[in-house]
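Chain letters run A, B, ... following the sequence lines, proteins first and then strands; every chain starts at 1.
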Amino acid sequence: MHTYLDELNQPQKEAVGHLNGPLMIVAGAGSGKTKVLTTRIAHLMANGVDSFNILALTFTNKAAAEMKERVEKILGNTEARNLYIGTFHSVFARILRAEANKIGYPSNFTIYDTDDAKSVVKTVIKELDLDDKHYKPNVVYNRISSAKNDLISSAEYINDWAIQQEDARANRPQLGAIYDAYAKRCFKNGAMDFDDLLFKMYLLLKNNPESLSKYQRKFKYVMIDEYQDTNKAQYEIVKLLGAMHENICVVGDDAQSIYSFRGATIENILQFQKDYDEVKVVKLEQNYRSTKSILSVANEIISNNKNQIEKNLFTDNEQGEKIKLVRTMTDNDEGKNVADTIQEQKLRNHYFNKDFAILYRTNAQSRSFEEALRRMGIAYRIYGGMSFYQRKEVKDMIAYLRVVVNPQDEEALKRIINYPARGIGKTTLDKAVLLANENNLNLWQIFCNAVMYGFKSGTLESIDNFVTMIKMFQSELPKKNAYDIAILVGKSTSLVKELFNDKTTEGLARYENVQELLNSIKEFVDDPIIQGVINEDGVIIDSIGIEDESKINELVNSPAQLTSASLGAYLQQIVLLTDADDNKGEIDVVKLMTIHAAKGLEFPVVFVGGMEETLFPNAMAINTREELEEERRLFYVAITRAKHKLWLTYANARYRFGQLQQNDSSRFLEEIPEDFVDKSYAGGGVKNTGNSWGSGTQQMQRGFGGGGNTWANKNTASEAEKRYGAPPKTTPSYVAPKAPPKLIEHEPAADFIASDTSNLQEGQKVEHQKFGFGEVIKMEGAAHNPIATVQFELNGEKKIMLNYAKLRII
DNA sequence: TACAGTGCTTTTTTT
DNA sequence: AAGCACTGTA
C-alpha cells in the first residue's frame, strides 16, 4: 500500500501518522526533517485532504522548492501544484496583494529590500533635520525592524513609556518620530519592506474577520518549518491562521536557533505546548548525515549551552576520521591551506569540487578563500554577500521596471530620474521633493504636473519627455510580458547602449550583468507557472481570492489572464529571492557561504574558517549569555553540516579594516574534547612549519618578519600553544601536491587588437588572448627583450615575453 | 552639472 | 581595503 511509510523509522512514522491536532516535531540536525514533512503532506493527501487546503511555510525559497519537488515525487501526480508551499514572505506577499485594498495599499505595491528601506530611513532622517551621524540609518532601521517584528506600530512605539525611556537613555529620543515618518513614507510610496510583509499580514488577519475566516477555512492544515526561527509576528500569524482547525504542525530544533537578531525567539517552541490542550510531541533523534566523530563533537559543543530541550542525538553511521584543526599565520595562509587541502582530498579520495563547502561567520572572510582557490584553478562559487540584484547596473534597470509598475515608488524614481543623464539634476530633484512634501503629493505626481510648479522651460521639457516615456511603457504593460517590456525600456532609455559603449573591464562586466538580468527575465517569461489572476495593472491577484469555482473555470479558460509572466509578477519574486536559491548550483564548484546561509544544507567535506575570538564568537555577540549561546548554536550548525570530514581552521592574524589584527583562537575550540580532534596540523599549515613560534603580544606590523611568513617575535606562548602543545617542528606527513593549474580559457572580444607594449608599466591592466584579464605586477628583462609578470584574474601569475605575446592595454 | 580627488567611517548574521 | 560623502574645479 503506502510504500512511502516503510522508509521511515519509528518516531518518523509517528510524526507522519499524526494527521489531526497540534503536532510538534523536535528534529535534530540531519534527522530526516524534510523527509518527514514531505511524507506527511503526501500522507495527508492520501487520506483525503484536498491539496488546496494545505499550507507549508519555510524560511528559504530553496527549502520550499525542495519540499514541493519531493512531495510531487512521492505522489507521482500533479496534485502537488495546488499546495501552498513557500516562504513566509512570499506567501504573505501573494495574499497581501489580493487583499491590498483592505489595508489601503495598491495591489501593485513595491517590496523594498534592505537597501531601499535604509535609503528611505536616511531620507526621512534628513527631512526631520536630524543628524545622520547620530541617528545612524543602519541602527535606526534595525530598531524599526525589531519593533515591527514585535508587532509594535509607530503609534504604539511613541506611546510606550518603556521604549521611550530606553531611547531617551540612549540619547535617541527622536527614534519614534523617525519610525512614524518612515512608515508614512513607505505607505505613500506604495511600498512595504520585508518586515511589513509580516506585520501587515498580521494586521489584515487581526482587523478583518472576513479575511481571517477565509484563510482559516482555506488552510485547514498548516505546517511550519524551522519553527525555532520564527519571531513574534510569525508566531501570532500562525496562531491566528490555525485557530479554527488547530491542525498545526511545527518542526524545529532549538539547538539550531540562529536568527534572534531578526527577532526570532525559542520561546515560540516552548509556548507552542502551552497554546493548545493536547500537543503531540515527537522527537527525531537519529542522525543520518554525519559520522560518529562529527556528531560527537557537535553534541559536546552544544552541551555547553544551558538553555535547551533535552535530546539525545545518535547515529548508526561509521566512526569516521577525527575532525582536524589547522592553524595558520594569516588569513591568506588560511585560504591557501584550505585550497591545498581541497586539492589533496580531490586527488587522494576522489572528491569533486562540489563535495566541499567553506563556511565562515562573516561575508568579508570569503576574500582569502576566493583568492587561494582562484590561484589553484579550483572552481568555486560564493553564495550571499553582494548579490547579483544589488549591483548598481542591475538595480538601475530594475528601478525602471519598478517605476513602470508602481510610479509612486519614490526610491526607484529618484534612482533613474537622471540616469542616463537627461538634465534633471540635483537642484531640480530637491525642488520636486520639497514640492511633493509641501503639497502632500508623491514625486511622480509633481513630475506629471510639472507645468504647474514653475520649473525652467528647459527642465520642464526634460521632465515632460521623461514622463511621456514612462507612460508609454505603462501603456504597454497589459499587452506585453515582462521580457518585452524590459527590452523596450532598455532600448528607449539607451541604458543598454550606454553600458555597451563602455569598453573598460568594469563596463564590460556591467553590460554582461544587464544581459544576464534580461536573460533571467526571459527565463521567467518562458516558464509561465499558472499561479494566479492578474489585474488590470498586470499584477498578480491570487487565485485564492476567488472562492466561487465557476469563476475559476472561467479564468482557466482565458489563459492570458492566468499567466504569471507579467512584469509585476517578476518584480515580486526577484526581491524575495536570495542568491542561495539560485539552482544553477548543481555544477561542480566548491561552495563558499556564511554559516547562516548553510543552514539546512549538507556537504561531504566542510571547512569552517576563522575560528578566532572576536570573529567567532563574534565580538558583537558576546555581551550576554544568550548571545554567546547563540554563537555556540551557530558553531553547532556549522559542524553538523558535515557528512564525512570536517576541518576547523584559524589564523594567528588577519587583515581587518586595512590593519593586521591578532586574535586568540576561539573559545569554542577549548570545548572540543582532546580525543575527538587531530591537532597535528594546528601548527601553521603546510608552509609555515619550522619557523619560530609564538603568537606574541607585540603589535604586528605589515610585512612582518621580512620573509613573508616568518614570525620574528617570540613572546609568551599563545593560548593555542598552551592548550594544544607546541606545534610540530617537522614538515607534515603530507604536502598537497600542486597540480598544474588548469587553464581557464579566455574568449577575447571580436575586436581584440594588441597594444603597443614598449612602454608597459607596472600596475597597468591588460588583456591576454588566452589568459584573460590581469595586472602587470613586475617588469624585468633587457630592453630589447622585456618580460612582464602579470597576475591574471583567472589563471594566476604568468611571465610574458612582450616580443612574442599579444597584450591589449586597458 | 559632472566628475575627480580627498578624507572619513566601517566592526555580524538575512527574508 | 573599500566604499561613501563632501568639496572644489572644468
Find the distance [X]:[atom1] to [N]:[atom2] and express it as a whole number of Å.
{"X": "A/Met192", "N": "B/dT15", "atom1": "CE", "atom2": "C1'", "value": "15 Å"}
{"X": "A/Leu198", "N": "B/dT14", "atom1": "CG", "atom2": "P", "value": "17 Å"}
{"X": "A/Leu429", "N": "B/dA2", "atom1": "CG", "atom2": "P", "value": "12 Å"}
{"X": "A/Gln573", "N": "B/dT15", "atom1": "CD", "atom2": "C1'", "value": "15 Å"}
{"X": "A/Lys148", "N": "B/dT14", "atom1": "NZ", "atom2": "C1'", "value": "16 Å"}
{"X": "A/Arg367", "N": "C/dA1", "atom1": "CZ", "atom2": "C1'", "value": "9 Å"}
{"X": "A/Phe88", "N": "B/dT14", "atom1": "CZ", "atom2": "P", "value": "18 Å"}
{"X": "A/Asp132", "N": "C/dC6", "atom1": "CG", "atom2": "P", "value": "7 Å"}

Hey, what are the protein-to-nucleotides 5-12 of chain B N/O distances that come in under 3.5 Å?
| from | atom 1 | to | atom 2 | distance (Å) |
| --- | --- | --- | --- | --- |
| B/dT10 | OP1 | A/Lys136 | NZ | 2.9 |
| B/dT12 | O2 | A/Arg361 | NH1 | 3.0 |
| B/dT12 | O2 | A/Arg361 | NH2 | 2.4 |

_Does B/dT14 have OP1 or OP2 under 4.0 Å away from a side-chain N or O of A/Thr594?_
yes
*Does B/dA2 have OP1 or OP2 sitting under 4.0 Å from an N or O in the side chain of A/Asn418?*
yes
*Do A/Glu410 and A/Arg185 have side chains that get closer than 4.5 Å, going by heavy atoms?*
yes
*Counting N and O atoms only, with roles assigned by atom type, does the side chain of A/Glu631 sit under 3.5 Å from a partner on the main chain of A/Asn618, one being a donor and the other an acceptor?*
yes
I'd like a list of close polar pairs between nucleotides 8-10 of chain C and the protein, N/O only, cut-off under 3.5 Å.
none

Looking for any heavy atom pair under 4.0 Å, which part of the strands does [X] touch: base, sugar-phosphate only, or nothing?
{"X": "A/Ala364", "value": "nothing"}
{"X": "A/Tyr259", "value": "sugar-phosphate"}
{"X": "A/Phe194", "value": "base"}

For [X] against [Y], the heavy-atom pair lying closest together:
{"X": "A/Asn418", "Y": "A/Gly423", "value": "OD1-N, 3.2 Å"}
{"X": "A/Leu634", "Y": "A/Phe616", "value": "C-CZ, 4.0 Å"}
{"X": "A/Ile152", "Y": "A/Phe199", "value": "C-CZ, 4.1 Å"}

*For atom CD of A/Glu267, is the number of surrounding heavy atoms from other residues, nucleotides or ligands below 6.0 Å larger than 12?*
no
_Tell me if the NZ atom of A/Lys118 is crowded by more than 12 foreign heavy atoms within 6.0 Å._
yes
*asked:* Could you work out, with side-chain hydrogen bond (donor to acceptor under 3.5 Å, both in side chains) as the rule, every residue matching A/Asp409, not counting sequence neighbours?
replied: A/Thr110, A/Tyr112, A/Arg402
*Quick one: side-chain hydrogen bond (donor to acceptor under 3.5 Å, both in side chains) partners of A/Tyr182, sequence neighbours excluded?*
A/Asp193
*Could you name each residue pair satisfying salt bridge (charged side-chain N to carboxylate O under 4.0 Å, His left out) that touches residues 129-138 of chain A, not counting sequence neighbours?*
none
*By a strict heavy-atom criterion of less than 4.0 Å, which residues belonging to residues 606-617 of chain A are in contact with DNA chain B?*
none
*Between A/Thr114 and A/Ile424, which is nearer to the 5' end of DNA chain B once each is assigned its nearest nucleotide?*
A/Ile424
*Of the listed nucleotides C/dA5, B/dT1, B/dT15, the one nearest the side chain of A/Lys122*: C/dA5
_Nearest-Å distance once atom P is located in both C/dC4 and B/dT13_ = 16 Å
*Does A/Tyr383 have A/Lys591 sitting over its ring (NZ/CZ under 6.0 Å from centre, angle to axis within 45°)?*
no
*So A/Arg415 and A/Asp396, side chain to side chain contact (heavy atoms under 4.5 Å, CB included) or not? Walk me through it.*
CA-CA 7 Å; A/Arg415 197 179 175 96; A/Asp396 288 337; 2.8 Å; yes
